[in-house]
Amino acid sequence: NGRRGRNNNQNNKKSTSNNKKTNFQEAAAAASSSSSASSSDVNNPHYEESDDDNWMDDYGSNAGNVDGGGGIAPVLEERNNNITNEHDFGNEQHIDIESDLQVWHRLKEDEFHHLSSDTDTILGSSDTIHEAEILSQMQKWNTFLSSITSDMYYSLSDFRGENQQYPPSEFMTSITYDAAEKSESLLVHLLEGKRKKNDTLAPEVEVNAYGLAMEAWSHVFHARSGDRCEKILEQYGGRFGGDLNHIPSVDAYKTVLKAHLKSCSSYSNDSPSSNNSGGGSSSPGEKALGVSNLLTSVYTAGDMYLKPDVELHSQTIAAVRNTLLDWQSRRRFGRHDNNDGDHDSSSSSLEMDLAGALLGTLEQMESSLEEVRSAKEGEGIRLPLSHWHCAIRAYADALATVASIPIAEDETVAEELLAKMEQLISTNSDNIILSVNNAGVDDADTRNLLSEIQRNVEEAYTSAISARLIMSKEKGSFDGFVTALDNAVSSEEMFQGMRRRSQESLPDLNFIFPVPTPGNYRALIECWCECVRKCYSTPEANAAMANLKELPHLKAGSLLKQLEIQQAAQPIDGSNYVNVIWAWGQVLNWPSIYRQNQYYFAANAVDELLEQTMYRYANGSVYFTWNGTVTK
C-alpha cells in the first residue's frame, strides 16, 4: 500500500524487479511480526556487522504508529538513486539492487572498523602516551558519531527527519554505543597511563579529554548513554571541583542533557520509576529535570558561573517531551492497568507531574529570553541561530505535550502557547535573519538548522490545531456539538493565521512562516469531521447546525480539495479521504442536514468519494500508512 503512494519511479524498476526479487516485502513482513518485541539486551550491547536486511530498520521497519504516522510506508520507500550491479553467470544474468542506505551502512561499518583498529593500536601502546594522538583519535570518533545522526536525519531518511523520536535501529544503537565506548577507553588510557608513570597532565588537556568523551556519549542512541555521560561529568567535576578555571561549565551539563535526550526512544521502561513503588531507575526525562533543577538551585544560591540559559532549558524540555510521547514510555506512564485490573494512578500522576514540570521549565526559558532581550535592547540582538532554534523547539515540544497529556482543565493552554511562539517569531524575525546571515546561508549545518526550525513551527501548529480533539478522545468525545464546533472554529482560526502569516512574509522567511502542511490540513479536517459525530445529534444541536453557513462535512471536503491543489505533484495521505467519507456517513444521523434531501444523497457522495480515492491510489497520488485506514 505504501509503495504505491511513495514510489514515482516504479516503471523504471520493473525490468530489474523481474530478474531479482527485492527484500522489501520480506523486511516489512519481518518488521510487522516483531514490531511489539523489545530491543536486544541494552545492558550488554555488542556491535556486529549488519546483515542484508538490518538497513531496513533505519527507514522505520519496526514501525508502529508514531503520532499518527509510521506504518509500512516508510519501510517501502525506496530511494531513487539505487546502485545496480550486474553479474553474468553463463546464461543467467543476476542484478543486485543496493540502495544508498545499504551503501551507507557498509561505509559506516568500514569506517568503524578502521577507527577501531587505530584505537586498538593506541591502547596497545603502554610504553608511551601521546596526548595529541589520543585527543585527535577521540575527535575522530566524535566526527564519526555525529555523522550517524546528521546523515540519517538530513540526508538519507525523510521519515527519520520528520519523526526524530522514532526508536533507533539496532544498527544505530550498536554502532554508536561501541564507538562511544572506544572513545571513553581512550580517556581511561590517557588518565591511567599518566598515573602509572607518576606523570601529570596539563589541566587543559585533561579537561579537553573529558569533554570529548562526554560529547561522544551525547551522540549515542542507547538507554544508558545519559548515565554514561553523567558519570564522566561526575568524574570531571570531582577532579576539578575546586579549580575555578577548569570546573565543568554549563556547556558540560548541556552535553549530559543531549545524551539523556538521545536515550529517550531507546529507553527500557519496564521497571517502575524511583518515584513510584518499586524503586527502579528514573526515566530520561526525570534525569534531565534533575540536571536542570540542580543548576537552577546552584545559580539561585549565588553561583553565577552555572547560570541556566535558553539552550539548557530547551534541552530539558525536549528530553521530557520525548520521554512522555515515546511509545515505550507511554506503555509505562499511565497506559497500563495494574495486576488488579485497576488503573495505575501513580503512573498517571507521574506523567502529569512531568508534563507540569515541562511547562515550569518553559516559564524559566521565557525568563531567560526576557533577560537576553533586556540586556541587548537598543544595540541589536546578535545571537547564534541555535539560540532561536532552541526557543522555537521548546514551544513545539510543549505544544506536543499539552496535546497529549491532560495537565490542566484550561482548554486554551495550547492556543496560548502557540500565540507566545508566534509573538517570539514575529518580534525577532529580523534578529533571526541576522543570525542566519552570520552563520552563512550556504553552510550545511545552517541549512539543517533552518530545516529543523521549519519542522518545529509546522509541528507546533499541528499540535495546537489538534490538541483539544486529541484530549476529547481520552474521554471518548466532546461534551456536545457546541464544544466540538467551537474547537473546529478555533482550530480554523489557527490554521488561517498560519496561512496569513506565510502570505504576508518575505520568501526568505518561509522557514519561520511556513505554508500549511499536509499535517496541518489533516488535523483541521479531523476537527471539522468530528462535528457531525452521531452522539452530538440532539434537537438543540440540529437547530444550531441548520443555522451554519457551511456544514462541517462540506467544510472538511473543501479543505481536502485545497490540499489536493497544494499537493498536485505529491501523494496525499489517504486518511484525509477516509475522514471525509466517515463524516458523510454520519450525516444521516442529522435531520437538519438530510431533511431537505433524499436519503441516498449521502450514499452517493460516499460512493463517489471512495471511487475517487481508490482511483488516485491506483495512480500513486494517494497512499495509506496503516492497513486499518483502508479497512475503515
Side-chain angles (χ1 to χ4, degrees), residues 40 42 44-59 79 81-83 85 96 98-157 160 168-193 205 208-222 224-225 228-229 232 255 258-259 262 266 444-445 448:
S40 60
V42 295
N44 295 289
H46 180 69
Y47 171 73
E48 298 178 357
E49 288 194 15
S50 62
D51 57 30
D52 291 340
D53 288 340
N54 277 352
W55 61 272
M56 289 300 301
D57 292 340
D58 290 322
Y59 272 137
R79 307 291 295 186
N81 51 335
N82 287 341
I83 297 176
N85 300 315
D96 296 331
E98 189 173 35
S99 79
D100 58 347
L101 191 55
Q102 286 175 295
V103 174
W104 179 80
H105 269 224
R106 190 176 68 251
L107 292 175
K108 288 303 174 185
E109 288 169 353
D110 293 343
E111 186 178 356
F112 174 89
H113 289 305
H114 176 73
L115 289 171
S116 182
S117 176
D118 291 346
T119 300
D120 291 340
T121 300
I122 295 174
L123 296 176
S125 176
S126 57
D127 296 333
T128 57
I129 302 298
H130 299 287
E131 300 171 5
E133 183 182 16
I134 292 175
L135 295 178
S136 175
Q137 189 67 12
M138 294 178 73
Q139 183 59 59
K140 290 179 181 178
W141 277 118
N142 286 346
T143 301
F144 168 78
L145 282 162
S146 63
S147 71
I148 299 290
T149 303
S150 60
D151 289 352
M152 185 57 61
Y153 284 165
Y154 302 116
S155 303
L156 292 169
S157 176
R160 282 201 177 277
S169 67
E170 182 62 29
F171 174 84
M172 294 172 70
T173 297
S174 298
I175 200 170
T176 55
Y177 187 96
D178 289 347
E181 285 222 306
K182 288 288 186 179
S183 180
E184 186 174 344
S185 68
L186 289 168
L187 170 66
V188 174
H189 179 68
L190 177 64
L191 299 178
E192 289 295 318
V205 173
N208 192 12
Y210 281 123
L212 289 171
M214 291 173 60
E215 183 183 348
W217 284 109
S218 73
H219 293 295
V220 176
F221 296 87
H222 191 277
R224 297 172 58 201
S225 58
R228 295 291 293 267
C229 187
I232 296 175
T255 304
K258 292 177 183 177
K262 282 290 192 299
S266 56
D445 291 338
N448 291 338

If I take atom [atom1] from residue [X] and atom [atom2] from residue [Y], how far apart are they, to the nearest 0.5 angstrom?
| X | Y | atom1 | atom2 | value |
| --- | --- | --- | --- | --- |
| Ser185 | Ile122 | OG | CD1 | 9.5 Å |
| Leu190 | Ile134 | CG | CD1 | 4.5 Å |
| Ile148 | Thr143 | CD1 | OG1 | 12.0 Å |
| Ser183 | Ile232 | OG | CD1 | 7.5 Å |
| Ile175 | Phe221 | CD1 | CZ | 12.0 Å |
| Asp120 | Ser125 | CG | OG | 12.5 Å |

Considering residues at least two apart in sequence or located in another chain, which fulfil the side chain to side chain donor-acceptor pair (under 3.5 Å) criterion with [X]?
| X | answer |
| --- | --- |
| Glu192 | Arg195 |
| Ser116 | Lys182 |
| Glu184 | Trp217, Arg228 |
| Glu131 | Lys194 |

Just to verify, what does [X] make a side chain to side chain contact (heavy atoms under 4.5 Å, CB included) with, not counting sequence neighbours?
| X | result |
| --- | --- |
| Leu107 | Val103 |
| Ser136 | Lys140 |
| Ala179 | Phe112, Trp141, Phe144, Leu145 |
| Ser218 | Glu215, Thr255, Lys258, Ala259 |

Any donor-acceptor N/O pair, [X] side chain to [Y] backbone, under 3.5 Å:
| X | Y | result |
| --- | --- | --- |
| His130 | Ala132 | no |
| Thr173 | His222 | no |
| Asp118 | Gln137 | no |
| Thr121 | Ser117 | yes |

Can you name the nearest heavy-atom pair linking [X] to [Y], along with the distance?
| X | Y | answer |
| --- | --- | --- |
| Leu135 | Asn208 | CD1-ND2, 3.8 Å |
| Leu123 | His189 | CD2-CB, 3.5 Å |
| Val220 | Ser225 | O-OG, 3.2 Å |

Are any non-hydrogen side-chain atoms of His219 and Thr176 less than 4.5 angstrom apart?
-> no
Do the side chains of Leu186 and Thr119 get nearer than 4.5 Å, heavy atoms only?
-> yes
Lys108/Glu111 ion pair, N-O < 4.0 Å | yes
